[in-house]
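On a predicted model such as this, the values are computed, not experimentally measured, just so you know. Letters A, B, ... are given to chains in the order of the sequence lines, protein chains preceding strands, and every chain is numbered from 1.
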Protein chains: 2
Amino acid sequence: MTTGQGSAAEMPEELARALAGAEARCLRAGAQLTELRRQVLALVLEAEQPLGAYALLDRLKAQRPGAAPPTVYRALDFLLEQGLIHKVERLNAFVGCVEAGYDHGGGHDHHHPHQFLICRDCGVTVEISDPAVAHALADAAARVGFRVGNATVEVEGFCAACATRPPEAAGA
Amino acid sequence: MTTGQGSAAEMPEELARALAGAEARCLRAGAQLTELRRQVLALVLEAEQPLGAYALLDRLKAQRPGAAPPTVYRALDFLLEQGLIHKVERLNAFVGCVEAGYDHGGGHDHHHPHQFLICRDCGVTVEISDPAVAHALADAAARVGFRVGNATVEVEGFCAACATRPPEAAGA
DNA sequence: GGGGTTCAGTTACTATATAACACGCGGCGG
DNA sequence: CCGCCGCGTGTTATATAGTAACTGAACCCC
């Protein structure tokens, strides 16, 4: 609510740090975080909620009038590959990866297991990264001889705030 | 591979049984498994793989020339509500629920937790229903005060067959 | 028989995503 | 120097997925 997207002048430190981290990460991966890609990443990160490709496109057009669907989708593909953003399949929308900011050079480089909690009521989407879930999943998969690659885990339900405030009196 | 979809004449016992089970289930739920819905359900069940709404529409047109997108989507919505089919979000496609066939009158009525394993190589999609995964997920959610409703869990990776037969020699 | 509900037909449209081709730029070998 | 190639992007067109809104038929209930 507090962000005036009209002019892309403002640049909170947090965003700047995230972009710098992304840059470093791409460097390590031998990938180019070009101007376009940085712009799209910034748009995703600025938003507090998952944004659809076309919503991003609209915002992007402010800075890049000629932008078309492929413009956005190609950037998104890149960012997904680099693990800088995730796609929320249930929403056909994209969010910044909560872990992307940490520039911990070692261990895994990207594509950490993650899960989304999506509030049915207020729409808030939260990313968590629970090892137990990943483990249970890998376990279950292994039981049928399946080798886990990338997992999409998205839970719809009620966030803490909306769960306590019971919505609008059940009608049925 | 063995099903000739050209004419909808054939009706394996398995399919017939599944449809009968679905009928019984709807009866119990006070829902009507109409002709259209049965047709769409049959199409989903016949396919060995997830089918997109428009693929279903094409097939449906053989039996119902006037069919349009809403025709299929309304039937799919119904079947989803009844728990007779699931949607695979990553594929925008629909599959029959493996548990729908069991006409166990008691306990849960539908919407059991389930997970999909999708082979990156051959595309085979398998549904499993692992309580440990569901539990781990509910647990992780509870830890942040989130009440779990419906979970989408879809794992991409390699099925047993494709995992043993290493694909086409890794390049990188 | 009026009035509700449910289901399906129909038209039109919105939203999401990709194909295919063209161009500019930088590197590299002839 | 030139042609070629890989890459990122621009551009146009199109494919795929999903809904809105209105219509009418069938059924049930009173």
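The CG atom of B:L36 lies 11.0 Å from the CG atom of B:L41; values are rounded to the nearest 0.5 Å.
When the C1' atom of C:dT6 is taken as reference, atom CG of B:L33 falls 15 Å away, rounded to whole Å. For the pair B:Q82 CD and C:dT6 C1', the interatomic distance rounds to 14 Å; values are reported in whole Å. Taking atom CG of residue B:L91 and atom P of nucleotide D:dT16, one finds them 15 Å apart after rounding to whole Å. When rounded to the nearest whole Å, the span between CZ of A:R64 and P of D:dT9 equals 7 Å. B:L51 places its CG atom 15 Å from the C1' atom of D:dT16, with the value rounded to the nearest Å. Distance B:D77 CG to C:dA8 C1': 14 Å, rounded to the nearest Å. Between A:Y73 atom OH and D:dT9 atom P the separation is 17 Å, expressed in whole Å. Taking atom NZ of residue A:K61 and atom C1' of nucleotide D:dG10, one finds them 14 Å apart after rounding to whole Å.
Contact check for B:P69 versus B:Y54: side-chain heavy atoms found under the 4.5 Å cut-off. Annotation: side chain of B:I118 is in contact with side chain of B:V88 (closest heavy-atom distance under 4.5 Å).
The B:N92 side chain lies nearest to D:dA17 when the options are D:dT9, C:dC7, D:dA17. For B:A68, the listed nucleotide lying nearest its side chain is C:dT11; candidates were C:dT11, C:dG9, C:dA17. When each of C:dT6, D:dT9, C:dA19 is scored by its nearest atom to the side-chain atoms of A:P70, the top-ranked nucleotide is C:dA19. Of all nucleotides listed (D:dT12, C:dA20, C:dT16), C:dA20 comes nearest to the side chain of A:R74.
Crowding of B:R90 atom CZ: a count of heavy atoms from other residues, nucleotides or ligands under 6.0 Å exceeding 12.
With DNA chain D read from its 5' end, the first of the two nearest nucleotides for A:A67 and A:F78 is the one closest to A:F78. Take the nearest nucleotide of DNA chain C for B:P69 and for B:A31: the residue whose nucleotide is more 5' is B:A31. Sequence order on DNA chain D of the closest nucleotides to A:T71 and A:Y54 puts A:T71 first from the 5' end.
For the pair B:T34 and C:dT6, the criterion of a side-chain N or O lying under 4.0 Å from OP1 or OP2 is not met. Checking the phosphate oxygens (OP1, OP2) of D:dG18, a side-chain nitrogen or oxygen of B:K87 falls inside 4.0 Å. In terms of phosphate contacts, A:Q32 brings no side-chain nitrogen or oxygen within less than 4.0 Å of OP1 or OP2 of D:dC7.
Among the protein residues, B:R37 comes within range of the sugar-phosphate backbone only, with heavy atoms under 4.0 Å from sugar or phosphate atoms but none that close to a base.
Tested against B:H86 for a side chain to side chain donor-acceptor pair (under 3.5 Å), the candidates B:H112, B:E154, B:H111 yield a single pass: B:H112.
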